[in-house]
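A short worksheet on the structure shown next.
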Number of protein chains: 2
Amino acid sequence: MLRLSKLTDYATVLLGYMARAKLEIHAAVEIAHATGIALPTVSKLLKLLAHSGLVHSIRGAKGGYCLSHAPERISVADIVQAIEGPIALTECSISDDYCEQSAHCDIRGNWRVINKAMRTALESVSLADLAFKIKPSTALEFKVSVDSLTRG
Amino acid sequence: MLRLSKLTDYATVLLGYMARAKLEIHAAVEIAHATGIALPTVSKLLKLLAHSGLVHSIRGAKGGYCLSHAPERISVADIVQAIEGPIALTECSISDDYCEQSAHCDIRGNWRVINKAMRTALESVSLADLAFKIKPSTALEFKVSVDSLTRG
DNA sequence: TTAAATAGTACTAATATAGTACTCTAAATT
DNA sequence: AATTTAGAGTACTATATTAGTACTATTTAA
Ligand code: FES
Ligand code: FES
């Protein structure tokens, strides 16, 4: 089905809330309340996001989480990677010596191109785009040149 | 991890073989042999691909499968959809009334843009690109205008 | 009529995801 | 200093999805 996990979806909802709210610091409980996502899940997600540096955590009483960067600076690719790990459409594209058949496989190199295309697509949309309405005049444009894909 | 299923990966390998081989008709056993993928899996995949019209099946002795279209005419998006179903990154993007929170959700419309971007990326690479080397001079280029996204 | 080959269906096993619970540590308030 | 609030970390369980297998029916060539 080529879909993002529910957790990633939740993460966008939750970050979207943080992007829209004025106050800087938000406790996990507050976010859970505001978004309707179960508290343990919110905690888990915020921990993951903090670990990837997308949000900053403040411990102790009156603590909470705040966005590390402006919503415009956080891309959907960042969020996906924080929750799901590296964006790699096929096993083979993760590393050179992962796949058994890599010796007689002509396809791998070309998957890289597709991977790159997907990543570029996700990088070109920001949290701000998600949280607020994308303006109808906007056009997303990607260009992936094959030359640049020696690796990754 | 945002990845394609192994089955989809196998499907590309298998279709890649069919694209490169000269003979038109290939029995499932032959393909299994040539690609090293287990026969039952190959059968299952070819059935799915036949159901989506990407390959044509000939029953009975001397039967087998052949590509329905030239490799240039088959996109990676077609293959993914044949095996995994519709490309929809989030539940919400599948249909209007699927998600409980859709009433107070500002994010859904914007996911559509991302979806479209991903689909466009996958549509712009053909089976021929996968099966043979993509020429280094090639540049993949996508442009997704938000205006065009009333639905889908 | 026999053999070769796909169609269709149903089942099992393996894996990944989602969600929960619990303990530990840090900071603020009293 | 004691207490309370809130995140950090870990480990576990339940659920859902994916992968793989087996079996029967149908079709066509020889
Ligand atoms: S390297 Fe793994 S299938 Fe090509
Ligand atoms: S419509 Fe489902 S979360 Fe937005």
Side-chain angles (χ1 to χ4, degrees), chain A residues 1-14 18 23-33 35-68 80 82-86 88-91 94, chain B residues 1-11 13-14 18 23-33 35-66 68 80 82-86 88-91 94:
Chain A
M1 175 73 91
L2 186 58
R3 62 160 45 157
L4 299 170
S5 71
K6 277 191 204 172
L7 290 177
T8 306
D9 197 0
Y10 293 163
T12 61
V13 171
L14 166 169
M18 290 175 81
L23 293 166
E24 298 229 333
I25 296 180
H26 308 271
V29 210
E30 181 215 323
I31 299 178
H33 240 97
T35 57
I37 303 165
L39 174 58
T41 305
V42 171
S43 297
K44 186 180 186 175
L45 288 171
L46 285 169
K47 276 176 224 170
L48 281 170
L49 294 168
H51 209 255
S52 304
L54 294 186
V55 300
H56 180 227
S57 71
I58 297 113
R59 298 176 66 156
K62 300 266 175 186
Y65 295 89
C66 58
L67 294 178
S68 299
V80 171
I83 307 295
E84 314 193 7
L89 258 43
T90 57
E91 307 268 352
I94 299 171
Chain B
M1 173 75 90
L2 185 59
R3 63 161 41 156
L4 299 170
S5 70
K6 276 192 206 171
L7 290 177
T8 306
D9 197 0
Y10 292 163
V13 170
L14 168 168
M18 291 175 80
L23 292 167
E24 298 230 333
I25 295 181
H26 307 270
V29 211
E30 181 216 323
I31 299 179
H33 240 98
T35 58
I37 303 166
L39 174 58
T41 306
V42 171
S43 296
K44 187 180 184 175
L45 288 171
L46 285 169
K47 276 175 222 169
L48 281 169
L49 294 169
H51 208 255
S52 304
L54 294 186
V55 300
H56 179 228
S57 70
I58 297 112
R59 300 178 65 158
K62 300 267 174 184
Y65 296 89
C66 58
S68 299
V80 171
I83 306 296
E84 313 193 7
L89 258 42
T90 57
E91 307 268 353
I94 299 171

**Request:** First locate atom CG of A:L14, then atom CD1 of A:I37, and finally report the distance between them rounded to the nearest 0.5 Å.
**Result:** 5.5 Å
**Prompt:** Does the side chain of A:L45 come within less than 4.5 Å of A:Y10's, by heavy atoms?
**Reply:** yes
**Any B:Y10 side-chain N or O less than 4.0 Å from OP1/OP2 of D:dG20** = yes
**Message:** For A:I83, is there any backbone N or O sitting under 3.5 Å from a side-chain donor or acceptor partner on A:T8?
**Reply:** no
**Protein-nucleotide distance (B:D9, atom CG; D:dG20, atom C1'), rounded to Å** = 16 Å
**Message:** Heavy atoms from C-beta onward define the side chain here; which of C:dA26, D:dA19, D:dA30 lies closest to that of A:R59?
**Reply:** C:dA26
**Request:** Please state how far atom CG in B:L39 lies from atom C1' in C:dT6, giving the value in whole angstrom units.
**Result:** 11 Å
**Request:** Could you tell me whether the side chain of A:K47 has a donor or acceptor atom within less than 3.5 Å of a complementary atom in the base of D:dG7?
**Result:** no
**Request:** Measure the distance from CD1 on A:I25 to C1' on C:dA28 and round it to the nearest whole Å.
**Result:** 12 Å
**Request:** Using a heavy-atom cut-off of under 4.0 Å over every strand shown, decide if B:I58 touches base, sugar-phosphate, or nothing.
**Result:** sugar-phosphate
**Prompt:** When you measure from the side chain of A:E84 to the backbone N and O of A:S5, does any donor-acceptor pair fall under 3.5 Å?
**Reply:** yes
**Asked** Side chain of A:L7: nearest nucleotide among C:dA3, C:dA18, D:dT21?
**Response** C:dA18
**Message:** Output the rounded distance in Å from CG (A:L49) to C1' (D:dA8).
**Reply:** 14 Å
**Asked** Do any side-chain nitrogens or oxygens of A:S43 fall under 4.0 Å of OP1 or OP2 in D:dA6?
**Response** no
**Asked** If only side-chain N and O atoms of A:S57 are considered, is one of them under 4.0 Å from the OP1 or OP2 phosphate oxygen of D:dA8?
**Response** yes
**Message:** Which is more 5' along DNA chain C, the nucleotide nearest A:T8 or the one nearest A:K62? Just name the residue.
**Reply:** A:T8
**Message:** Which is more 5' along DNA chain C, the nucleotide nearest A:K44 or the one nearest A:A61? Just name the residue.
**Reply:** A:K44
**Item:** Nucleotide D:dT18, atom P - distance to CD of B:E84 in whole Å
**Value:** 8 Å
**Asked** Can you tell me how far C1' of C:dG19 sits from NZ of A:K6, to the nearest Å?
**Response** 10 Å
**Message:** Please determine whether a side-chain nitrogen or oxygen atom of A:T41 lies at a distance below 4.0 Å from atom OP1 or OP2 of C:dA18.
**Reply:** no
**Item:** Nucleotide nearest A:A28 (side chain, heavy atoms from C-beta), chosen from D:dG7, C:dT20, D:dT21
**Value:** D:dG7
**Item:** Closest listed nucleotide, where the reference is the side chain of B:A38 and the choices are D:dA8, D:dT21, D:dA30
**Value:** D:dT21
**Message:** Using whole Å, what does the distance between atom P of nucleotide D:dA19 and atom CD1 of B:I83 come to?
**Reply:** 10 Å
**Asked** What residue among B:I25, B:L49, B:I31 forms side-chain contact (heavy atoms from CB on, under 4.5 Å) with B:M18?
**Response** B:I31
**Complete:** Closest to the side chain of A:A27, out of D:dG7, C:dT17, D:dA29, is D:dG7
**Prompt:** Any donor and acceptor pair, going by atom type alone, linking the side chain of A:S43 with main-chain N or O of A:L39 inside 3.5 Å?
**Reply:** yes
**Request:** Using whole Å, report how far CG of A:L48 lies from P of D:dG9.
**Result:** 11 Å
**Asked** So which nucleotide from D:dG7, D:dT5, C:dT6 ends up closest to the side chain of A:Y65?
**Response** D:dG7
